[in-house]
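Note sheet for the following structure.
These numbers come from a predicted model, not from an experiment.
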Amino acid sequence: MSSLPTRIPGPQPAGSDAHVDDAAWDRRLRIRSPSARWIGWRLRALVLAALVGCVAMFALLRVVTAWPALDATLSLGTNGTLQVSGPTAPPIDASGLVDREGRAHHIDALLLQRSARWLAGDADRIDLARQHDVLGAALAAGPVRLTDGRGVMREIAVRPRGAAGLGWTFWLLASLALLLYLVTMVVVLTRPEPRNVLYALMAFAQIGNLMFVAVLSTPTPGWPPGLMHWEQILRTLFDLATAAALVHVTNMHPRRLPQGDLRALSGWLLALGLTALLGAGRLGHGWWWTQGLAIGGAVLTIVQLSWIRREPPHPLAHQLARLCGAMIVTLVLLTAMIAALDVRLHAQAAFIGSTVWLIALVAMLLMLPFLSRTQQLMREFSLLAGVSTVATALDLLFVAIFSLGNFASMTLALFIALALYAGARQWLVSQFVSQQRLTTERLFERVYRMAREVQLHPGDVLEQWTALLRDLFDPLDAQPVARVVRQSRVVSEGASLVVPIPPLGSTPVAQDAIVLGFADRGRRLFIEDDARLADRVVDLVTRAVAFDQAVERARSEERVRIAQDLHDDIGARLLTLMYKAPTPEMEDYVRHTLKDLKTLTRGLAAPTHPLSHAVAEWKSDIGQRLAAADCELRWSFTYDRDFELTVVQWSALTRVLRELVSNSLAHARASRVEIDASLQRGALDLTVADNGVGRRPEAWAHGLGLGGVRKRVKQLGGSVVWAENGEHGIVCRVAVPEFVRVGDS
Amino acid sequence: MAVKVLILEDNPVARAFLSRVVRESFSDVITITEAGDLEAARNLIALAGGSSGMHGADPFKLILVDLELPDGNGMDLLAELTHYPATKIVTTLYSDDDHLFPALQRGADGYLLKEDRFEVLVEELQKIVRGQPPLSPAIARRLLTHFRTGADAEPAAADAGLSSSAFTSSKPVPLVDKPLDHERLTPRESEVLTYLSKGFTIKEIANLMGIKWFTVNDHIKSIYKKLNVSSRAEAAVLASKQGLV
């Protein structure tokens, strides 16, 4: 029980931008704290309410079973007469009922319609009430004498109905009423708020309807006099009250609307006034007024919901409007059908039609509190309810218009309804479920990409999570919140989804969860399946990242090991070789090799180098080398922002600089070297100029050194040229237009 | 009396080379003792008066220590010799701060990179003995972090170093970090370190700060001393905690 949701999300302050307001989210989250809701008076009150409901039901049962009923069943005779079949005697086409004083009262097939509420004509309604009253009075007096108008008279026994005489329809409708009652009590007790009270009002009205239909649906006739009169008035009141409550509640939920109170008040006044007029018998065409007002109320509800939807779209409003629309269509169809029907020929059909519609309405009411939980179930259920209503309505229409037989029309209607169902189902389902849901393949690709991105940019894990969840659910907004949740949860009646964000590897996340608002840009409610999907995706990403990190760690350990071996073994040997070098040139060559080896191993061991650190080291190293050779250095390295150089960038630049400086020292014997570099908007320009003896670079033989420089620069995607530097020396220009590629840093 | 020098280096060729460097660097009469591993070095030091250099014996005045040795890490010896009254110099192939910084913390007065030219090494050695130790930008950065952030941030930095760029044949021994309050840097010293970390030479720093180059050098010396003192004080605190003193 504790997982039962409240019917409707938290109250929204008028005009507030709740979906971008962190505090509002927080408030929404807090109200869903699972514990303590049922502690104390609520549980006791619920038990008490259930007890009261059962006692009331039991009392009603006692009364209904004790009523005297005709020991016969009524059906439609061959010529549209009322056929009464007793258990022993042969059936009689009854057209009159003789009371104790010997007066004959006319009765006919209209008795088969058990609801005055669903009779279109004023005269028919009065006649039905009269026939029921006559029958009721006769039953109370003892055995009933029926006459067929041609002199045949038959006496039919009267006895209390008993539990067996209630019929399965009674039990079905009574249990439906009890269920709706319990759900309503849970909703009201969970959060006693005006909107939930209005929901309860609607539910109780329909429970009243259900009970009337249940009592009047018993197969053996027999009800107290006056019941039909009250049935008409009370059921009219119930239906109009439901419509008024619907208008009222959509004024304040999901968003409060301007001048809502005015509309709600006029709705209630109209409903009560019409019922009063009808009860007093002062209103002609009462049924049409009732139907018109009910349909008008439903249409106004849709208008209000669309108003809500305009900004910002609320998925609940969308769903409610859709349900409301379906109900209006069936109600209009039913109204047309009942109006077209010859009541005396098809009285039973009219009763069944209205009952089916009532059941569909009750089913909708029952589903409302669970919109975000059981969308699947609700979808199928509402589809079936809609289809059966349409089938019944069609059936009755065929009967009325084409005068088909009952069986033929029923078969035809069923076929058409099933065809409609088969055709519309796909479309309806796709309306409920998002069309842009990621395919499995795309989802895997997305998760994999996310894992890579986390490796590359561990800084913006939160953005990546948000992007992934946006791709998944296409919500109107996604807000990080600092709130610890163990698993994904649907909150605010499916308006939002809270997804916990686990830390990925060593990357801490400042926020613990992301709240998604309004799935599919507000066209859909979040359901429990979405929460489970989010959980699985989060789990998948976490594991993918952990796996990637393990692989990366292993790779880095391997690189470090290789670097260490290279450095220790080859380094030591090269050092020995250098000390034993026969000539200074050879010594320099080996020293150079050793330095390259060190650069290589350092690059292997450290994945990235901050540009600022690298620049400082280059300047310091080159400065020391030049100082040792009594050569002046002019150094300038400007950059618009600091970033992490990759190993490739770092080692390429390190070696290019070293090579160029070596050339200036060793070959050109320069006394001054100018290094001027700038890294602006991702483009690198590097000039190394000396005042040495080198001239005519185009005539140089490309040895190992210059070849190396070319190779490195090419590796970076740039170009290098050598030219004479004015009067003396050489200038080397390196240009890498896309040193930092867009998107990496 | 001859100046006693100890060269601890496992590679005989390098040992001979370093001996030449030492002889070239000083005009005094020099007695060079060579050791190929830690054990030999410890024995020699014990003969010469033990690790504190007391007992009136004739201690070494200059000790060159290689970091990567067959029977251990030169860092260990440095740690044992914190109170030994000699100029201790690390000779190594490892020029990264992850290896050098711990050595400086353990009382090394400077470092020489073995692949440098003979003349460069001679010059560097003379500078260290004169009290002009080298400071690479990386080490300057490390010093800045060490003195600025104290105990809180340094372990993180050390971790980062370990995982990223320390390839550890000579495993950087766990660092003893945490400057005491009286060992904070002066603003001038911080400024010098900042410039050094950006790759400026001492001459450039002197120009930028409007002071003489030897003043800059004094600052560097002072920074070295503070690093030593702070780690020695730390070691003493540790030792007293463990009941060793």
task: Give me the one residue out of Leu594(A), Asp568(A), Leu574(A) that meets side-chain contact (heavy atoms from CB on, under 4.5 Å) with Leu93(B).
output: Leu594(A)
Residue Arg681(A) excluded, over 12 heavy atoms near CZ under 6.0 Å: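 It does not: Arg681(A) CZ has 12 such atoms or fewer within range.
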- prompt: In this structure, are over 12 heavy atoms from other groups packed under 6.0 Å from Arg733(A) atom CZ?
  reply: no
field: Within residues 111-125 of chain B or reaching into it, pairs that qualify as side-chain hydrogen bond (donor to acceptor under 3.5 Å, both in side chains) - sequence neighbours excluded
entry: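 For residues 111-125 of chain B, and leaving out neighbouring residues, the side-chain hydrogen bond (donor to acceptor under 3.5 Å, both in side chains) pairs sorted by first residue read Asp588(A)-Arg117(B), Lys598(A)-Glu115(B), Glu9(B)-Lys114(B), Asp66(B)-Lys114(B).
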query: Phe547(A): what forms a ring-ring contact (aromatic ring centres under 6.0 Å, His included) with it, not counting sequence neighbours?
result: none
task: Measure the spacing between CE of Met578(A) and CZ of Phe17(B) and express it to the nearest 0.5 Å.
output: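 Answer for the CE-CZ pair, Met578(A) versus Phe17(B), is 5.5 Å.
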query: Thr576(A) versus chain B, heavy atoms under 4.5 Å apart: side chain, backbone, both or neither?
result: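 When you check distances to chain B, atoms from both the backbone and side chain of Thr576(A) fall under 4.5 Å.
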- prompt: What are the residues of residues 616-630 of chain A, in order of number, with any heavy atom under 4.5 angstrom from a heavy atom of chain B?
  reply: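 Checking residues 616-630 of chain A against chain B gives Ala616(A), Glu617(A), Lys619(A), Ser620(A), Ala628(A).
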- line: For Glu39(B), the salt bridge (charged side-chain N to carboxylate O under 4.0 Å, His left out) test, sequence neighbours excluded, returns none
